[in-house]
Amino acid sequence: MQTKVITIDDSSLHSQKSKLQEIAYFIKRGDLVACPTETVYGLCGNGLDSNSTKKIYEAKGRPSDNPLILHIANFEMLENVAKTVPHKAKKLIDAFWPGALTIILEKQDCVPYETTGGLETVAVRMPSNEIILEIIKLSGLPLAAPSANISGKPSPTKAEHVIEDLSSKIACIVDGGDCKFGVESTIIDCTKDIPVLLRPGSITISMIEKVIGKISVDKSITEKSPVNKPMAPGMKYKHYAPNAKITLVTSDNVKDIPSEIIKLVKKCESNKKIAIICTDETEGLYKDLDVLIFSLGTREDLNTITKKLFHGLRDMDKNNIDIAFCEGFSENEEGLAIMNRLVKASGYNVIKK
Ligand code: TXA
Ligand code: MG
């Protein structure tokens, strides 16, 4: 299949209307479009059409029991896809939509089981990125959109990542620049009296608890080993993993991490290509080693880290790295989302100093 790449630049969306209409037309006729959101690039199709959602699973190579998130642009669409919106969900919507928060609700009959992976619940979010919002409005449809990567690989945060993974598999890729946050949305299940956090993201536990009080946290997030039956079905699959073998090195005191990584590098066989994924604060400490150094940004501003996280993991494959050592982060605030992705990228290969 020929994939059309359409660039939407920073000028007003109004002046790019004909391109946006062309993009929406792909969706309306049942084809797939990858486009940016504020979190990661999404692979979008008509979320109410089981043929479109089947195409999504196929293009990604994603198991069909791993449900999709519906992206909406207004509250009329919310009523169409969700049976009820509990009080706490309403408060979260007021506080965080449009934005990087996905809410699990009871599904309406019109939402096909192909979209929800056979579940009676549906994941919904109203993104804040203007490009996807406009595509939703012009198509008039809730868009099912998982991250636009091949299943198991790091999520895409730039159009070039989507082109690497999905070129010739989908009708259209929208190049709308880099994603603002770089990690996927926070997911919270609001079908329970005490809502449950299913995936940490840039909207943190403390931000949520300020709005609705105490929530619980699914054990797939708190445990550092694979969980057999996580509440977010997708969590049981391999995630975010480059081909390189990643070792994540953590410590209660982050200052102890670099010396441990240097020790581990020195133990590696000399014919292996090695990389260190680190931070601006520490990259100078590794300069005498024969390794590729990739800094994710500064620990002073975790958004710089989330923004470059998946690009850093993808860079391992670009450089044919065999073994990568990655510095860990404390699990406060956005650090929880960063560590959640890194633990999975490492396949739970975590060394605590
Ligand atoms: O930021 C994001 O959320 C991005 C952008 C494109 O919006 N999308 C994204 O989708 O990360 P995906 O498919 O990669 O991750 C969706 C997660 C999966 O782990 C899935 O299991 C969970 O949401 N999920 C979807 N529907 C669910 C449901 N009804 N109950 C529990 N978990 C659900
Ligand atoms: Mg994904």
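It should be emphasised that the depicted structure is a prediction, and the values quoted were computed from it without experimental measurement.
- Linking ILVMFWY residues whenever their side-chain heavy atoms come closer than 4.5 Å, directly or via other members, leaves Ile203 and Ile194 in distinct clusters.
- For the side chain to side chain contact (heavy atoms under 4.5 Å, CB included) with Ile215, the qualifying choice from Asp189, Leu92, Val196, Leu197 is Leu197, the only one to do so.
- Of the N and O atoms on the side chains of Asn243 and Lys153, at least one donor lies less than 3.5 Å from an acceptor on the other residue.
- Arg314 places no side-chain N or O within donor-acceptor distance of the main-chain N or O of Lys318, the cut-off being under 3.5 Å.
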Ile205 vs Val217, side chain to side chain contact (heavy atoms under 4.5 Å, CB included): CA-CA, chis, key distance, verdict
CA-CA 9 Å; Ile205 294 175; Val217 178; 3.8 Å; yes
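- For the residue pair Gly47 and Thr53, the shortest heavy atom distance occurs at CA-CG2, 4.3 Å.
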The test is side chain to side chain contact (heavy atoms under 4.5 Å, CB included); show your working for Ser50 and Thr115 and say whether it passes.
CA-CA 7 Å; Ser50 55; Thr115 298; over 6 Å; no
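- At a threshold of 4.0 Å, the pair Lys158-Asp178 counts as salt-bridged, since one of the basic side-chain nitrogens sits closer than that to a carboxylate oxygen.
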Step by step, would you call Met339 with Thr250 a side chain to side chain contact (heavy atoms under 4.5 Å, CB included)?
CA-CA 10 Å; Met339 284 299 281; Thr250 68; 3.4 Å; yes
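- Within 6.0 Å of the CD atom in Glu160, the count of heavy atoms belonging to other residues, nucleotides or ligands exceeds 12.
- A donor-acceptor pair under 3.5 Å links the side-chain atoms of Asp322 to the main chain of Lys273, judged by distance alone.
- Interatomic distance, Ile6 CD1 to Cys35 SG, rounded to the nearest 0.5 Å: 11.0 Å.
- The hydrophobic cluster containing Val265 does not contain Leu248, counting ILVMFWY residues as joined when their side-chain heavy atoms lie under 4.5 angstrom apart, directly or transitively.
- Taken from CE in Met126 to CD1 in Ile72, the straight-line distance is 4.5 Å, to the nearest 0.5 Å.
- Remark: Ala145 engages Cys44, His71 in a side chain to side chain contact (heavy atoms under 4.5 Å, CB included) (not counting sequence neighbours).
- Checked by atom type and distance alone, the side chain of Arg341 never pairs as donor or acceptor with a backbone atom of Leu309 at under 3.5 Å.
- Salt bridge status for Asp165 with Lys60: absent, with no side-chain N to carboxylate O gap under 4.0 Å.
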Checking Glu164 against Asn149 for the side chain to side chain contact (heavy atoms under 4.5 Å, CB included) test, could you report, in this order, the C-alpha distance in whole Å, the side-chain angles of both residues, the deciding distance, and whether it holds?
CA-CA 9 Å; Glu164 277 162 22; Asn149 52 287; over 6 Å; no
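- No donor-acceptor pair closer than 3.5 Å links the side chain of Asn46 to the backbone N or O of Gly30.
- Residues Gly42 and Ala148 approach most closely at C-CB, 3.6 Å, considering heavy atoms.
- Crowding of Asp252 atom CG: a count of heavy atoms from other residues, nucleotides or ligands under 6.0 Å not exceeding 12.
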Give every donor-acceptor pair under 3.5 Å between a side-chain atom in residues 329-337 and any protein atom, sequence neighbours left out.
| unit_1 | atom_1 | unit_2 | atom_2 | d |
| --- | --- | --- | --- | --- |
| Ser330 | OG | Asn332 | ND2 | 3.4 |
| Glu331 | OE2 | Lys224 | NZ | 3.1 |
| Glu333 | OE1 | Thr204 | OG1 | 2.8 |
| Glu333 | OE1 | Ser206 | OG | 3.0 |
| Glu333 | OE2 | Ser206 | OG | 2.7 |

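- By the criterion of side-chain heavy atoms lying less than 4.5 angstrom apart, applied directly or through intervening Ile, Leu, Val, Met, Phe, Trp or Tyr residues, Val174 is grouped together with Ile132 in one hydrophobic cluster.
- For Thr37 (side chain) and Val40 (main-chain N/O), a donor-acceptor pair under 3.5 Å exists by modelled atom type.
- When only modelled atom types and interatomic distance are considered, Thr306 and Asn303 share a side-chain donor-acceptor pair under 3.5 Å.
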Test side chain to side chain donor-acceptor pair (under 3.5 Å) on Ser346 and Asn349 and set out the steps.
CA-CA 5 Å; Ser346 76; Asn349 179 26; 5.9 Å; no
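- Residues Met207 and Ser202 come closest through the heavy atom pair SD-O, 3.8 Å.
- At a threshold of 4.5 Å between side-chain heavy atoms, the hydrophobic network of Ile, Leu, Val, Met, Phe, Trp and Tyr places Tyr113 and Val122 in two separate groups.
- Residue pairs meeting the ring-ring contact (aromatic ring centres under 6.0 Å, His included) criterion with at least one partner in residues 157-193, sequence neighbours excluded, are His161-His311.
- Side-chain atoms of Lys107 come within 3.5 Å of backbone N or O of Val111 as a donor-acceptor pair.
- Here the shortest heavy-atom pairing between Gly176 and Ile131 reads CA-CD1, 3.8 Å.
- Side chain of Lys19 to main chain of Thr7: a donor-acceptor pair is present (N/O by atom type, distance under 3.5 Å, no hydrogens or angles).
- Shown here are the side chain to side chain contact (heavy atoms under 4.5 Å, CB included) partners of Glu260, two or more places apart in sequence or in another chain: Val249, Lys263, Leu264, Ile351, Lys353.
- One N or O on the side chain of Gln108 and one on the backbone of Glu79 form a donor-acceptor pair closer than 3.5 Å.
- The CE atom of Met1 sits 8.5 Å away from the OG atom of Ser168 when rounded to the nearest 0.5 Å.
- Rounded to the nearest 0.5 angstrom, Asn80 CG and Asp109 CG are separated by 12.0 Å.
- Listed by chain and number, the hydrophobic cluster partners of Ile163 are Val5, Leu32, Tyr41, Leu43, Ile56, Tyr57, Leu68, Ile150, Val162, Leu166, Ile170, Ile173, where partners are ILVMFWY side chains within reach of under 4.5 Å, directly or through others.
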Give the C-alpha distance, both sets of side-chain angles, the deciding distance and a yes or no for side chain to side chain donor-acceptor pair (under 3.5 Å) between Thr39 and Glu184.
CA-CA 5 Å; Thr39 59; Glu184 305 87 345; over 6 Å; no
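- Side chain of Thr186 to main chain of Gly201: a donor-acceptor pair is present (N/O by atom type, distance under 3.5 Å, no hydrogens or angles).
- Taking every heavy atom of both residues into account, Val211 and Ala95 meet most closely at CG2-CB, 3.8 Å.
- The nearest pair of heavy atoms linking Pro242 to Leu313 is CB-O, 3.5 Å.
- For the atom pair CD1 of Ile246 and CD1 of Ile321, the computed distance is 9.5 Å after rounding to the nearest 0.5 Å.
- Inter-residue side-chain proximity for Lys180 and Lys307 is flagged as unmet; no heavy-atom pair is nearer than 4.5 Å.
- Judged by distance alone, with hydrogens and angles left aside, the side-chain atoms of Thr282 form no donor-acceptor pair with the main-chain N or O of Cys278 at under 3.5 Å.
- Cluster membership check: Ile277 does not share its hydrophobic cluster with Phe325, using side-chain heavy-atom separations under 4.5 Å among Ile, Leu, Val, Met, Phe, Trp and Tyr.
- Within 6.0 Å of CG in Asp94 there are more than 12 heavy atoms belonging to other residues, nucleotides or ligands.
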Return a table of donor-acceptor pairs under 3.5 angstrom between the side chains of residues 285-300 and protein atoms on other chains or two or more places apart.
| unit_1 | atom_1 | unit_2 | atom_2 | d |
| --- | --- | --- | --- | --- |
| Tyr286 | OH | Glu327 | OE2 | 2.6 |
| Ser295 | OG | Asp280 | N | 3.0 |
| Ser295 | OG | Asp280 | OD1 | 2.5 |
| Ser295 | OG | Gly297 | N | 3.2 |
| Thr298 | OG1 | Glu281 | OE2 | 2.5 |
| Thr298 | OG1 | Glu300 | N | 3.0 |
| Arg299 | NH1 | Gly328 | O | 3.1 |
| Arg299 | NH2 | Glu327 | OE1 | 3.0 |
| Arg299 | NH2 | Gly328 | O | 3.1 |

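- Rounding to the nearest 0.5 angstrom, the gap separating the OG atom in Ser11 from the CD atom in Gln16 is 3.5 Å.
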